[in-house]
*Asks:* 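Dropping a structure here in structure tokens format, bear with me for questions.
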There are 2 protein chains.
Amino acid sequence: MNISTKVMGRLARYRALLTDYFPKEKTHIFSHDLAAMMGLSASQIRRDLMCLGYFGVPRYGYEISELVKHINNVLDASKLHHVAVVGAGNLGRALMTFLESRRATLKIVAAFDDDPDKANRVLNGVPCFHMDLVEEVVKRDDIRIAILCVPGAVAQRVTDLLVKSGVKGILNFAPVPIRIPVGVVLEEIDLTSALERVAFFTNNRANAPKEKRHADR
Amino acid sequence: MNISTKVMGRLARYRALLTDYFPKEKTHIFSHDLAAMMGLSASQIRRDLMCLGYFGVPRYGYEISELVKHINNVLDASKLHHVAVVGAGNLGRALMTFLESRRATLKIVAAFDDDPDKANRVLNGVPCFHMDLVEEVVKRDDIRIAILCVPGAVAQRVTDLLVKSGVKGILNFAPVPIRIPVGVVLEEIDLTSALERVAFFTNNRANAPKEKRHADR
DNA sequence: TAGATTGTTAATCGATTAACAATC
DNA sequence: TAGATTGTTAATCGATTAACAATC
């Protein structure tokens, strides 16, 4: 089965919703109910769930515990990943706190920063090292994924260093696009442009894309 | 001209790149150079720029200052927006610092939090109020956009309050989807699922979507 | 049984890419 | 002029939605 980035992202969100924010006493859910909660169409939910190899029952819907179990199977096929936060400024430190312990399979094991004052201390529960030690620590701790929160001006340089050190996946919050070699996975989140996007559509209703709050049929 | 969310987001990124991270001495740029820097195709760049009403010159490319001016015209048609950060935890405070002063047209004028210790103080340069004052302050300061950084469990309740108070656009970082009425603009950024997405594709190369680093022809 | 919901296929929609005439 | 690059159209690709037979 070939799972696209979009489907994969939605599966993660279905799981989060069902495990963390759903009444424990409910055992089953219909595609249209999940759709309503997610702000998607029921068709899309059903299509997404097709990749799981788990099937609901007409009239009863999907059994939540089974559904979550199958999403786990697909998503966490990858076992435990060690993650590093690179750039321990405000954003980097906030992400350490926010992302740590959300997923058992993703563990933030190190932070890196240029600032000598931050090196060799524990910041937000994560040991912080000087940027000079990236290669050493990445190899030593088998760090596969980096969350990049450095200033735009050094983003590409730091990326090259991370890739050279063996990092295989990067989540980039720096405000510039970075280039990576084939074989490395990249996800870019541009916070500034996300805010600008909201602002733009906020009083340009004429341009606003149509709403996406559907019901089925 | 009808500009999609995607095009709009890319225009914002072109502008950021050209204004903040591009050598000052260069006056012109070709579509394929911008494409290489952004990790996109030249075709896509040219198509995106079509909505600007500004035209490049064959053989000379696009004049950067003019290009930026036209992107400004389109993107900031909306003039100044007042923005509030709702939920002044680690993430909220980091975003205050990170997003403030990035765009002259977007000004963070208030933060809100449930914690009485945070109320009536200035946090990261932004005056913080107790959540009880949302309606009053939003109206008083004409706040149009909210950056939502509250825990998932209260996200919908807080959203309803914001919308009732007159907020027209929401950038949601809470880890659950929220529902909004027609007429309000919503952008959701799920940080946890973004990280999970990187992790998933990081050692599932078979599933990885194809790379996107093209050249033209 | 009758009615509701599923899995899946076909149709639609939108976004990206390729191609190329125009043009500097 | 010749060659490179543009704007724009047509072709392709991928994602979403609609429709419906299967089925509980």
Side-chain angles (χ1 to χ4, degrees), chain A residues 1-11 13-14 26-64 66-67 70-71 177 197 201 207-217, chain B residues 1-11 13-14 26-64 66-67 70-71 177 197 201 207-217:
Chain A
M1 185 77 56
N2 224 2
I3 298 186
S4 73
T5 312
K6 294 201 154 177
V7 171
M8 154 66 213
R10 285 195 300 263
L11 289 174
R13 309 195 77 208
Y14 302 157
K26 300 277 274 178
T27 59
H28 290 71
I29 189 168
F30 295 132
S31 61
H32 60 260
D33 288 334
L34 185 52
M37 288 193 299
M38 292 291 309
L40 303 170
S41 73
S43 278
Q44 185 163 48
I45 300 280
R46 291 202 300 275
R47 201 174 223 299
D48 287 348
L49 299 190
M50 277 178 63
C51 356
L52 294 180
Y54 162 72
F55 302 96
V57 178
R59 296 272 294 157
Y60 288 84
Y62 302 87
E63 192 181 336
I64 293 170
E66 280 301 304
L67 186 49
H70 281 78
I71 297 179
R197 209 147 63 183
F201 289 111
N207 289 324
K210 68 174 193 309
E211 304 295 325
K212 298 196 309 181
R213 321 279 117 182
H214 310 282
D216 208 14
R217 69 200 63 182
Chain B
M1 185 77 57
N2 225 1
I3 299 184
S4 73
T5 311
K6 294 201 152 176
V7 171
M8 153 68 213
R10 285 195 300 263
L11 289 173
R13 308 195 78 206
Y14 302 158
K26 301 278 274 177
T27 59
H28 290 71
I29 190 168
F30 295 132
S31 60
H32 60 261
D33 289 334
L34 185 52
M37 288 194 298
M38 292 291 307
L40 303 171
S41 74
S43 277
Q44 184 164 48
I45 300 279
R46 292 202 300 274
R47 200 173 224 298
D48 286 349
L49 298 190
M50 278 179 62
C51 356
L52 293 180
Y54 162 73
F55 302 95
V57 178
R59 297 272 294 155
Y60 288 83
Y62 302 87
E63 192 181 336
I64 293 170
E66 280 301 305
L67 186 49
H70 280 78
I71 298 180
R197 212 147 60 183
F201 290 109
N207 289 325
K210 69 174 189 310
E211 303 295 322
K212 298 196 309 179
R213 321 280 115 179
H214 311 283
D216 210 12
R217 68 200 63 180

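Lettering follows sequence order; numbering is per chain, from 1.
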*Asks:* Figure out the CG/P separation between B/Asp33 and D/dA4, and round it to whole Å.
*Replies:* 14 Å
*Asks:* Tell me: CE of A/Met38 to P of D/dT16, nearest whole Å?
*Replies:* 12 Å
*Asks:* Not counting sequence neighbours, which residues clear salt bridge (Lys or Arg N to Asp or Glu O under 4.0 Å) with A/Glu63? List them please.
*Replies:* none
*Asks:* Give the nucleotide from the list C/dT6, C/dT16, D/dA15 with an atom nearest to the side chain of A/Arg46.
*Replies:* C/dT6
*Asks:* So, for A/Tyr60 and A/Phe30, which heavy atoms are closest and what is the spacing to 0.1 Å?
*Replies:* C-CE2, 3.5 Å
*Asks:* Taking for each residue the nucleotide of DNA chain C with the nearest heavy atom, is it A/Gly61 or A/Arg47 whose nucleotide lies nearer the 5' end?
*Replies:* A/Gly61
*Asks:* For B/Phe55 and for A/Tyr60, locate the closest nucleotide of DNA chain D by heavy-atom distance; then report the residue assigned to the nucleotide nearer the 5' terminus.
*Replies:* B/Phe55
*Asks:* D/dT17 C1' sits how many Å from A/Asp48 CG, rounded?
*Replies:* 12 Å
*Asks:* Can you measure A/Leu40 atom CG to D/dA15 atom P for me and round it to whole angstrom units?
*Replies:* 15 Å
*Asks:* What about B/Arg59, does its side chain sit under 3.5 Å from the base of C/dT23 through a donor-acceptor pair?
*Replies:* no
*Asks:* From the list D/dT6, C/dT16, D/dT17, which nucleotide is the closest neighbour of the side chain of B/Pro58?
*Replies:* D/dT6
*Asks:* Provide the closest heavy-atom pair for A/Ser41 versus A/Ala35 in the form atom of the first, atom of the second, distance.
*Replies:* C-CB, 3.6 Å
*Asks:* For B/Arg47, which residues count as a side chain to side chain donor-acceptor pair (under 3.5 Å) partner, sequence neighbours excluded?
*Replies:* none
*Asks:* Can you list the stems that DNA chain D is part of, where a stem is at least 3 pairs in a row, each Watson-Crick or G-U, with both distances below 3.5 Å?
*Replies:* C:3-24 with D:3-24
*Asks:* Where the side chain of B/Tyr62 is defined as all heavy atoms beyond and including C-beta, which of D/dT17, D/dT6, C/dT17 is the nearest nucleotide?
*Replies:* D/dT6
*Asks:* If we only count heavy atoms from C-beta on, is the A/Tyr54 to A/Leu67 side-chain gap below 4.5 Å?
*Replies:* yes
*Asks:* Of all heavy-atom pairs between A/Leu52 and A/His70, which one has the smallest distance, and what is that distance?
*Replies:* O-CD2, 3.7 Å
*Asks:* In whole Å, what is the span from the CG atom of A/Leu49 to the P atom of C/dT5?
*Replies:* 16 Å
*Asks:* In terms of side-chain heavy atoms of B/Ser4, which of D/dA18, C/dA15, D/dA15 is nearest?
*Replies:* C/dA15
*Asks:* Does D/dT16 have OP1 or OP2 under 4.0 Å away from a side-chain N or O of A/Ser41?
*Replies:* no
*Asks:* Once you round it to whole Å, what is the distance between P of D/dC13 and CD of B/Gln44?
*Replies:* 16 Å
*Asks:* For residues B/Pro177 and A/Met37, report the shortest heavy-atom separation together with the two atoms involved.
*Replies:* CG-O, 3.4 Å
*Asks:* Grab the CZ-P distance between A/Phe30 and D/dC24 for me, whole Å please.
*Replies:* 15 Å
*Asks:* Between P on C/dG7 and CD1 on A/Ile45, what's the gap in Å once rounded to a whole number?
*Replies:* 12 Å
*Asks:* Report yes if a side-chain nitrogen or oxygen of A/Ser31 is closer than 4.0 Å to either non-bridging phosphate oxygen (OP1 or OP2) of C/dT5; otherwise report no.
*Replies:* no
